[in-house]
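Structure first, then comments.
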Amino acid sequence: MLEKIENIKSEANLESGLIKDEKTLEEFRLKYLSRNGLLNTLFEEFKSVDRESKGKVGKSLNELKISLQKIYDEQKEKTVSGKSPDNESPDITLPGVKFNKGTKHLISQAIDEITEIFQRIGFQVYEGFEIEDEYHNFDALNTPDYHPSRDMQDTFYLHSEGKDKNYLLRTHTSPAQIRVMEKTKPPVRVIVPGKVYRNEAVSSRSLAFFHQIEGLYVDRKVSFSDLKGTLDYFAKEFFGENLKTRLRPSFFPFTEPSAEMDVECYLCSAKGCRICKYTGWLEIGGCGMVNPDVFKMVGYDPDEYTGFAFGMGIERTLMPKYGIPDIRLFYENDIRFLKQF
Ligand code: DAH
């Protein structure tokens with residue numbers, strides 16, 4: 001038995017040199033130290049050793065136990081912490097530890113950039129409410145009762161306590177115009193970024209929520225050319241090139257006259273490409289001169305003040321800029337998508 005113990009001891013010493021990772025360490029433990037390992041088998045055999053030899057064999061067996069445990073502990077320290085007890089200096093050939101630095105979401109970056117562009121020309125930032133009442137979302141914006149956008153198919157209603165207290169998820173950032181004008185006297189220059197909700201079928205072009213940026217400028221003698229000048233300034237700053245902008249006649253109940261805002265396609269320099277559908281223009285939102293009826297609702301005198309307003313879709317503006325083919329990509333939080341921005 002003593003000879004057997006000695007053999008196992010030298011075998012274990014030899015094998016300790018082969019331990020190089022957690023797998024080989026575990027193999028060592030299973031072979032020698034586990035319940036069915038060699039050490040326990042020896043202790044079983046020890047029971048039948050005759051009385052005279054018990055002292056000697058027992059001593060040697062205990063020494064084996066201690067030395068096996070020592071080998072295991074040392075090797076574990078080495079493999080798990082990656083440190084070698086006899087060589088404390090770091091192994092510079094090991095691959096580095098990757099540090100994943102988080103960044104702002106693409107949409108937040110765009111909101112920061114756009115608001116900063118407008119802040120430079122004196123606009124203030126206001127956030128508005130995502131839960132609005134029907135009055136601010138529709139009535140005060142001159143939207144008639146029969147307007148289809150009020151339909152349940154288009155708007156998410158939350159709960160109703162009569163006409164004045166009909167709560168909903170705002171369908172656009174425009175009610176923030178009303179909130180600001182109710183609280184401030186002209187001149188007003190605000191920009192309102194935020195999330196809006198619409199009861200739409202989900203597809204690559206539409207989701208039940210997206211982001212808009214609203215703008216409102218009210219003062220004496222604000223004219224349509226101020227609107228055009230502001231849009232030109234924005235397009236130059238945001239798209240970074242000397243691109244033309246154009247306004248196309250349109251209709252919104254809260255502006256009169258109303259227009260759609262287009263920017264020359266910066267992807268093909270207005271030559272015509274797949275993204276701009278070969279028109280040379282990209283649509284970025286709606287705008288117009290604030291309807292005098294809206295001013296009356298908030299107690300502004302329409303004979304004294306005029307103003308312009310606009311609302312841009314953020315996803316819609318970013319998709320062509322970065323060639324993003326599907327609006328759902330913004331919200332899937334796939335790190336492979338997000339880390340590109
Ligand atoms: N609220 C409109 C929409 O969601 C966009 C819009 C158009 C905003 C004209 C405006 C505006 O402020 O003047 O489609």
Side-chain angles (χ1 to χ4, degrees), residues 111 114-115 118 123-130 132-144 147-151 153-156 168-182 186 188-200 205-219 222-231 234 245-263 282-295 297-298 300 302 305-317 327:
I111 289 178
I114 297 172
T115 49
F118 282 100
F123 281 74
Q124 289 183 310
V125 182
Y126 175 70
E127 295 231 328
F129 306 125
E130 288 185 23
E132 264 298 358
D133 51 42
E134 197 168 354
Y135 173 77
H136 287 88
N137 198 81
F138 293 121
D139 301 77
L141 288 161
N142 199 33
T143 310
H147 199 280
S149 63
R150 292 195 190 229
D151 269 15
Q153 284 97 316
D154 290 302
T155 300
F156 290 113
L168 47 80
L169 295 176
R170 68 176 173 195
T171 59
H172 50 178
T173 40
S174 305
Q177 290 185 28
I178 306 297
R179 299 259 171 211
V180 170
M181 290 190 283
E182 280 173 346
V188 166
R189 248 180 288 175
V190 282
I191 194 98
V192 187
K195 214 184 259 168
V196 303
Y197 301 83
R198 289 186 196 174
N199 194 356
E200 304 237 24
R205 305 284 316 161
S206 61
L207 277 177
F209 60 90
F210 57 96
H211 291 77
Q212 286 188 331
I213 287 210
E214 190 81 11
L216 174 70
Y217 184 11
V218 184
D219 203 348
V222 175
S223 70
F224 206 85
S225 60
D226 292 320
L227 167 58
K228 170 78 171 152
T230 307
L231 175 61
F234 167 72
T245 64
R246 77 174 178 190
L247 298 169
R248 270 180 300 121
S250 183
F251 176 79
F252 298 99
F254 35 93
T255 41
E256 183 56 39
S258 305
E260 300 286 340
M261 308 186 282
D262 293 346
V263 180
L282 291 168
E283 196 179 308
I284 59 171
C287 63
M289 299 305 290
V290 180
N291 192 317
D293 287 338
V294 172
F295 280 154
M297 300 293 260
V298 296
Y300 282 11
Y305 296 105
T306 51
F308 68 72
F310 59 85
M312 286 185 285
I314 296 185
E315 288 84 345
R316 194 164 57 158
T317 307
I327 192 168

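Side chains are part of it too, since the values below use all heavy atoms of this structure and drop only hydrogens, waters and symmetry mates. Counting convention: from 1, in listed order, for ligands and their atoms alike.
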Could you tell me which atoms of ligand 1, counted from 1 in the order shown, lie closer than 4.0 angstrom to a heavy atom of Q212?
3 (C), 4 (O)

Quick check on M312 - does any of its heavy atoms sit under 4.0 Å from an atom of ligand 1?
no

Please indicate whether any nitrogen or oxygen in A309 is less than 3.5 Å from any nitrogen or oxygen in ligand 1.
yes

List the closest protein heavy-atom neighbour of atom 12 (O) of ligand 1: residue, atom name, distance to the nearest 0.1 Å.
E214 OE2, 2.6 Å

Give the residue, atom name and distance (to 0.1 Å) of the protein heavy atom nearest atom 8 (C) of ligand 1.
G311 N, 3.4 Å

Does the side chain of Y305 come within less than 4.5 Å of M181's, by heavy atoms?
no

Classify the ring geometry between F123 and Y217 as parallel (under 30°), tilted (30 to 60°) or perpendicular (over 60°).
perpendicular

So, do I284 and F234 sit near enough that their side-chain heavy atoms are less than 4.5 Å apart?
yes

Ligand 1-proximal atoms of C287, by part, heavy-atom distance under 4.0 Å
backbone

Is the gap between the ring centers of F254 and H172 under 6.0 Å?
yes

Would you mind telling me which of K195, E315, R316 makes a side chain to side chain donor-acceptor pair (under 3.5 Å) with H211?
E315

Any donor-acceptor pair under 3.5 Å from R150 side chain to T143 backbone:
yes

Looking at L216 and A309, what are the two nearest heavy atoms and their distance?
CD1-CB, 4.2 Å

Looking at S174, which atoms of ligand 1 are within less than 4.0 Å of one of its heavy atoms?
1 (N), 8 (C)

Distance-minimising heavy-atom pair for T171 and N137:
OG1-ND2, 2.9 Å

Is there a polar contact, in the sense of an N or O pair closer than 3.5 Å, between R198 and ligand 1?
yes

Report the member of F252, F254, F308, F210 with the shortest heavy-atom distance to atom 11 (C) of ligand 1.
F254

Under a heavy-atom criterion of less than 4.0 Å, does G288 contact ligand 1?
yes

At a 4.0 Å threshold, what atoms of ligand 1 neighbour a non-hydrogen atom of Q177?
12 (O)

